[in-house]
Asker: 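Take this structure, written in structure tokens, and hold onto it; I'll ask about it next.
Both counts, for ligands and for their atoms, begin at 1 and track the order of listing.
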Amino acid sequence: MKYITEGSNNITLDIDVADSKSIVGKLAACDNEIFTGWGDHGGLLDNIHIAETIDEIANKAIGFIFKDPETSLVVMSGCGTSGRLAFMAARSFNEKLRGAGITDCFRYIIAGKDKALFTSQEAYEDDPHHGIDALKEICAGKQNVLYIGITCGLSAPFVAGQLDYCMDNPNRFIPVLMGFNPIEMARDIPIRNWDKTFLDVARRLETLSKAGDGYILNPVVGPEPISGSSRMKSGTTTKILLETIFAQCFSKLILKQKCSSKSVLNCYETIRKATYKQSEKIGSIVAMSGEGLKHGGHIYYLGMGSLGIVGMIDASECPPTFGATLDDIRGFINNGFEAFGNEEGDITHMGRHFRISFRNFEQDISPNLSNKDTVIVLQTQDNQVPNLKTGNAKTILINYKDYTKPNNTQVSQPHDWPKASITLNMDLPWDECEELIGADLLSMCWMSLVEISSKWICNAISTGAHIMIGKIYQNIMIDVKVSNQKLYHRAISIIQKLVGSSETEAENALICSVFKCDDPSARLRDTTVEERIAIATPMDRVVPVALLKAALKCSIQDAEKLLDDNPVVRTAIENCLMK
Ligand code: F1P
């Protein structure tokens with residue numbers, strides 16, 4: 001296998017034909033690999049090297065950053081989902097520091113700036129110079145910077161540029177690389193306008209890390225349930241690792257207590273088990289949401305604070321992953337940008353998909369809601385979503401029991417949504433978590449555990465619903481957008497794998513689909529990958545058309561007609577591959 005993060009997971013080979021409950025069961029089993037390991041690779045719970053690296057980074061942060069937060073920064077940076085999770089982590093960690101009267105010193109960088117928090121801006125991911133400029137800008141005037149570059153596939157040039165810049169300036173920067181492939185699987189393809197590959201940068205950091213001047217945190221958590229969908233296991237692991245590193249810092253700084261990373265990681269595993277105990281109900285939610293999408297309906301997440309953000313992040317990933325439209329799945333948060341807390345502030349002027357408040361939901365969405373639409377409410381008992389106008393839409397309530405110290409009493413169930421079609425009460429095992437990390441740290445961190453649980457549920461809903469409408473073949477996302485280098489190469493691998501063609505044949509079929517030609521001329525074959533990506537990015541059905549062309553050796557027009565006649569991409573592909 002070339003890259004583990006792009007590989008196919010054996011557990012989900014037939015997820016495309018599974019019923020909704022089995023879909024959730026398969027996702028649970030894949031997520032289990034995060035903790036228990038995959039192949040010869042130990043999971044988070046038994047990988048001593050990972051626990052040690054977490055501790056070393058936390059200690060470095062305490063000594064290097066928190067001794068003087070005024071002049072220091074922790075910068076977490078990434079592309080797509082990795083950048084969104086960096087944003088979410090910075091927002092929550094700053095809140096904790098402010099709560100303790102410490103200057104907030106966490107910042108996030110996302111390739112393509114704040115617009116990319118909602119809609120993918122993947123072209124920026126391929127540019128190391130963009131990365132370097134963004135890092136220089138955010139660190140201006142700061143003396144000590146702990147930089148954490150997140151790229152699940154160890155592939156994003158944007159992050160490579162930043163890591164390299166950190167290593168060129170060792171007096172100011174401590175670089176950390178976070179990702180989920182072994183180092184030898186870091187991308188070794190040329191980067192435009194640059195003289196290094198990702199692998200070169202990773203190797204340089206590897207050498208530096210031996211002297212404790214940098215760190216690589218790259219547990220192998222196994223292939224994604226949907227091949228290459230790094231928003232799922234890799235995204236989850238990103239969130240867990242960031243929170244485990246800084247739980248140690250907060251425990252020491254604010255609570256003046258030591259905390260073991262192993263106990264924190266065990267809390268997440270406890271929450272995984274408790275979440276998937278509800279597989280039957282989550283399966284019913286998947287079925288209801290998928291049924292709605294099948295008939296042209298939409299899925300809307302409404303959440304308070306960080307739970308609103310979990311829903312919004314989940315929604316933002318559906319267009320690049322499944323070829324969904326920006327309207328198919330959306331997320332909304334109470335008080336819009338005021339609660340969101342991004343660097344650029346209110347960016348509603350960027351378009352209607354940036355209207356994110358509950359008020360915007362009632363103005364833009366409520367009047368057109370029908371029984372094909374599903375509204376999913378994410379809330380804790382203490383922080384409930386007000387009853388918004390949902391017309392005939394199906395409503396689903398996901399309620400989390402708060403962790404309240406010292407009297408962890410049962411609060412009465414939310415009552416504001418009398419018409420709910422499904423109510424899922426998540427009674428997370430706070431007592432077990434309290435035993436693991438103690439009441440004080442849990443009081444500070446319990447919302448992170450609620451967020452991870454709701455991430456698992458939202459990922460299951462959006463993935464399951466798209467499986468139900470035929471966007472997945474076996475466990476492959478066949479309608480993936482071709483909008484950056486990583487996705488370009490993924491598209492070629494998908495065609496190769498499903499059609500059995502050579503790499504050159506597969507790439508030719510892709511070029512034909514992008515340029516809408518039947519036989520690529522020398523001129524088109526001479527175009528650069530960047531030029532092809534720029535044209536493919538706004539296009540629909542690039543990969544399905546290329547797949548049909550390669551399999552049937554037909555014209556682009558015939559491939560497009562086949563898809564028009566059978567809009568369920570999976571069925572069109574299956575029919576043609578069985579011929
Ligand atoms: C970054 C990323 C993913 C997104 C898609 C394209 O990947 O934007 O978040 O889902 O796969 O790439 P990475 O750099 O974290 O591997």
Asker: Taking only residues at least two apart or on different chains, which pairs with a member in residues 458-492 satisfy ring-ring contact (aromatic ring centres under 6.0 Å, His included)?
Answerer: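 Listed once each, the pairs are F322-H466.
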
Asker: Given a heavy-atom cut-off of 4.0 Å, could you list the residues near ligand 1 in chain and number order?
Answerer: C79, G80, T81, S82, E122, E125, T151, C152, G153, S155, A156, S230, N484, K486, L487, R490

Asker: Given F180 and I4, is the side chain to side chain contact (heavy atoms under 4.5 Å, CB included) satisfied, shown in steps?
Answerer: CA-CA 8 Å; F180 307 103; I4 293 172; over 6 Å; no

Asker: Report yes if some heavy atom in the side chain of Q474 is under 4.5 Å from a heavy atom in the side chain of L498; otherwise report no.
Answerer: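 SC-SC contact between Q474 and L498 confirmed.
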
Asker: Donor-acceptor pair, Y147 side chain versus L177 backbone, under 3.5 Å?
Answerer: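 Pair absent, no side-chain N/O of Y147 close to backbone of L177.
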
Asker: Check this for me: does any side-chain nitrogen of one of R84 and D314 sit under 4.0 Å from a carboxylate oxygen of the other?
Answerer: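 So R84 does not pair with D314 through a salt bridge.
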
Asker: What distance separates I333 CD1 from L302 CG, expressed to the nearest 0.5 Å?
Answerer: 11.0 Å

